[in-house]
Amino acid sequence: MHSFFTRINNVSALLSSCTMALLAAITIASLLQEAIYPPQINGQISMKPVKVFHAKTPRQRRKQEMGFLNFNMTADLTPLFTWNTKQLFLSLEAEYENIQGVNNTIVLWDRIVRRPEDARVKIIGAKNKYAFKEIGGKGFGKGAPGNASYALKYNLMPYVGMLRYGEAARLSDVPFDVREEL
Ligand SMILES: *[C@@H]1O[C@H](CO)[C@@H](O)[C@H](O)[C@H]1NC(C)=O
Ligand SMILES: *[C@@H]1O[C@H](CO)[C@@H](O)[C@H](O)[C@H]1NC(C)=O
Ligand SMILES: *[C@@H]1O[C@H](CO)[C@@H](O)[C@H](O)[C@H]1NC(C)=O
């Protein structure tokens with residue numbers, strides 16, 4: 001009897017170390033695969049000059065400069081879907097230098113992609129999903145250099161292993177088009 005339970009113990013210990021070894025092997029295999037074949041995504045963004053109005057969101061008391069986007073974006077992210085891809089987090093980020101000379105990055109749009117069938121992004125005439133405004137309440141328009149860059153970034157969440165980040169598309173030198181107060 002004693003030796004029977006000992007044997008079961010040994011077997012389950014063996015199984016769990018096999019599982020650990022398998023997970024480690026999957027992680028290494030996936031890191032190697034990515035190191036050898038880094039997926040290159042060549043997406044495209046096109047955008048009209050970003051209109052800037054004095055406006056406010058419902059929660060704000062005072063008006064401030066806010067940017068309004070009109071953009072098209074295409075990217076085929078299916079190469080990022082392998083057996084080890086759980087989901088992708090996509091975000092469109094604006095990068096610009098504000099009046100104080102500080103480089104800012106603001107997320108203006110995002111999307112989660114869970115299936116390879118949804119990994120072909122094709123967006124026409126989209127607006128920013130999140131408010132595009134300066135935290136300080138001043139603006140990016142008045143007196144600012146007047147251009148910003150926009151990048152489609154991805155964050156790949158694997159089943160096993162580490163998160164990975166990358167850029168799928170970029171558009172530089174989009175001017176701000178400062179309009180009259182609303
Ligand atoms: C977006 O695509 C539509 C249809 O192809 C086109 O009419 C429009 O001018 C494009 N907008 C931009 C900002 O490129
Ligand atoms: C902001 O970014 C630009 C371009 O990448 C760079 O030349 C500049 O030094 C940056 N400024 C600061 C304050 O980091
Ligand atoms: C802003 O972008 C335009 C092209 O859209 C370019 O001609 C101009 O030199 C840029 N200005 C700055 C300050 O980078």
Side-chain angles (χ1 to χ4, degrees), residues 34 37-82 85-157 163-182:
E34 284 153 9
Y37 305 108
Q40 181 67 43
I41 310 295
N42 295 310
Q44 288 204 318
I45 304 172
S46 62
M47 193 175 294
K48 298 206 170 117
V50 174
K51 291 194 178 100
V52 176
F53 291 110
H54 280 88
K56 61 190 186 99
T57 57
R59 289 184 182 189
Q60 278 177 287
R61 235 184 283 154
R62 284 184 303 135
K63 284 187 177 179
Q64 72 170 86
E65 279 193 341
M66 286 174 63
F68 295 87
L69 267 52
N70 181 336
F71 66 97
N72 292 349
M73 189 160 68
T74 55
D76 184 1
L77 299 156
T78 43
L80 296 176
F81 273 87
T82 64
T85 303
K86 189 173 181 210
Q87 65 179 29
L88 298 175
F89 178 74
L90 309 179
S91 59
L92 178 69
E93 297 178 10
E95 298 166 3
Y96 66 97
E97 195 178 326
N98 72 4
I99 294 174
Q100 285 85 27
V102 177
N103 283 337
N104 274 349
T105 301
I106 297 190
V107 174
L108 297 176
W109 173 96
D110 61 13
R111 174 180 284 181
I112 291 173
V113 181
R114 295 204 167 87
R115 307 181 307 164
E117 303 91 281
D118 301 328
R120 283 195 180 83
V121 173
K122 184 164 195 220
I123 293 172
I124 308 279
K127 296 176 166 54
N128 43 312
K129 188 168 157 187
Y130 305 114
F132 188 8
K133 58 182 183 180
E134 273 282 294
I135 310 288
K138 300 269 182 184
F140 15 68
K142 253 185 253 165
N147 282 346
S149 295
Y150 298 83
L152 174 62
K153 308 258 177 91
Y154 65 80
N155 176 346
L156 193 160
M157 279 164 246
L163 288 179
R164 286 175 49 230
Y165 301 89
E167 195 172 287
R170 171 172 287 271
L171 178 66
S172 300
D173 281 340
V174 180
F176 287 108
D177 177 10
V178 183
R179 299 296 182 96
E180 305 277 332
E181 198 165 328
L182 278 181

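In each ligand, atom 1 is the first atom listed, and ligand 1 is the first ligand listed.
Listed here is the closest heavy atom pair of I41 and L77: CG2-CD2, 3.8 Å. Minimum heavy-atom separation, E93 to K153: OE1-NZ, 3.2 Å.
Checked by distance only, ligand 1 and S46 come closer than 3.5 Å through their nitrogen or oxygen atoms. An N or O contact shorter than 3.5 Å links N72 to ligand 1 by distance.
In this structure, atom 2 (O) of ligand 1 has protein heavy atoms in its sub-4.0 angstrom surroundings. Within a 4.0 Å radius of atom 9 (O) of ligand 1, the protein has no heavy atom.
Heavy-atom contacts of I124 reach the following atoms of ligand 1: 2 (O), 3 (C) (cutoff under 4.0 Å). The distance from ligand 1 to the heavy atoms of K48 drops below 4.0 Å at these ligand atoms: 13 (C).
When heavy-atom distances to ligand 3 are checked against a 4.0 Å cut-off, N147 comes that close only through its side chain, counted from C-beta outward.
A tilted orientation is assigned to the rings of F132 and F176, their planes being inclined by 30° to 60°.
Atom CD of Q87 sits about 13.0 Å away from atom CG of L80, to the nearest 0.5 Å. Note that OG1 of T105 is 5.0 Å distant from CD of E95, once rounded to the nearest 0.5 Å.
Side-chain atoms of L92 and F71, non-hydrogen and from C-beta on, do get closer than 4.5 Å to each other.
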